[in-house]
Amino acid sequence: GNSVTQMEGPVTLSEEAFLTINCTYTATGYPSLFWYVQYPGEGLQLLLKATKADDKGSNKGFEATYRKETTSFHLEKGSVQVSDSAVYFCALHAGGTSYGKLTFGQGTILTVHP
Amino acid sequence: NAGVTQTPKFQVLKTGQSMTLQCAQDMNHEYMSWYRQDPGMGLRLIHYSVGAGITDQGEVPNGYNVSRSTTEDFPLRLLSAAPSQTSVYFCASSYVRGENYGYTFGSGTRLTVV
């Protein structure tokens, strides 16, 4: 079956530090990959996505590249801010007849200190 | 444009009680889904629907029922609540337009079963 594995958390950084959150996946076929962010007390918001190999998704300074050869979709940001403190979820959509179904990683809690 | 609306936002139930979590979307999306979020486990799919009158089970369907009589509404029913169903529940709607598709999440329902 499909699965997503995220790096163990939580992650604590100082403001302006470099961020990497690792995400690897297992899927048949050609999945699309997503990063969602959940701010405290809120629902999930789409941060970025990539639909095919070598695509780079980017938004709000965050980037992730779809690497089919390593089945990875790591999230990076060059300089984090306190406002980036949230829970980050990597997810995949398997395609084909899987519309309506996302498979999520376990989430990574990010805390950024001033 | 309200997006995906979930009610209630918070609920406390006693073991054995029943209740319905409401979910409504106004975007005319074909697909709707229910997920539960538990610490360290990400979001797991409970049930999903590919259109009015059509539902199917996800990863963790036991103890939950769904129906989809209209495109807009997708209620989740707990027939006899158990403490193991204490969780945060998210409803999502999604669409497909050619090669483009997207998901919209509600703000969640925090359920405690005592």
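In this text the structure is predicted, and so the values were computed from the model without any measurement. Keep in mind that the numbers below use all heavy atoms, side chains included, and drop hydrogens, waters and symmetry copies. A note on names: the letters A, B, ... follow the listed sequences, proteins ahead of strands, and every chain is numbered from 1.
Following chains of ILVMFWY side-chain contacts shorter than 4.5 Å, one cannot reach A/V87 starting from A/L19, and the two form parts of different hydrophobic clusters. Placement of B/Y89 and B/V60 within a single hydrophobic cluster is found when ILVMFWY residues are connected by side-chain heavy-atom separations under 4.5 Å, directly or transitively. Note: the hydrophobic cluster containing B/F74 does not contain B/V4 (ILVMFWY, side chain heavy atoms under 4.5 Å, direct or indirect links). No chain of hydrophobic side-chain contacts below 4.5 Å, direct or via other Ile, Leu, Val, Met, Phe, Trp or Tyr residues, connects A/L92 to A/F34. B/L111 is connected to B/V66 through a chain of hydrophobic side-chain contacts under 4.5 Å among Ile, Leu, Val, Met, Phe, Trp and Tyr, so both are in one cluster.
Considering NZ of A/K101 and OG of B/S94, their distance stands at 11.0 Å, rounded to 0.5 Å.
Residues in residues 33-47 of chain B take part in these side chain to side chain donor-acceptor pair (under 3.5 Å) pairs, two or more places apart or across chains: A/Q38-B/Q37, B/R36-B/D38, B/R36-B/Y64, B/D38-B/R44, B/D38-B/S87.
Counting heavy-atom pairs closer than 4.5 Å to chain A, the top-ranked of the candidates B/Y103, B/Y48, B/F90, B/Y95 is B/Y103. Among A/G43, A/G105, A/G1, the residue making the largest number of heavy-atom pairs under 4.5 Å with chain B is A/G43. For the set B/L45, B/V96, B/T104, the entry with the most heavy-atom pairs within less than 4.5 Å of chain A is B/V96. With chain A as partner, the option from B/H29, B/R110, B/M41, B/Q6 having the largest number of non-hydrogen pairs under 4.5 angstrom is B/M41.
Counting heavy atoms from C-beta on, the side chains of B/L43 and A/L44 come closer than 4.5 Å.
For a residue to count as touching a neighbouring chain, one of its non-hydrogen atoms must lie under 4.5 Å from one of that chain's; by this rule A/L46 does not touch chain B. The parts of A/S32 that come within reach of chain B are both its backbone and its side chain, each placing non-hydrogen atoms under 4.5 angstrom from that chain. For chain B, no part of A/I109 is nearby; none of its heavy atoms comes within less than 4.5 Å.
A/K68 NZ: more than 12 foreign heavy atoms inside a 6.0 Å radius. Summarising the local packing, CD of A/E42 is surrounded by more than 12 heavy atoms from other residues, nucleotides or ligands at distances under 6.0 Å. Within 6.0 Å of OH on A/Y30 lie no more than 12 heavy atoms contributed by other residues, nucleotides or ligands.
Close approach to chain A, defined as a heavy atom under 4.5 Å from one of its heavy atoms, is seen in no residue of residues 9-23 of chain B.
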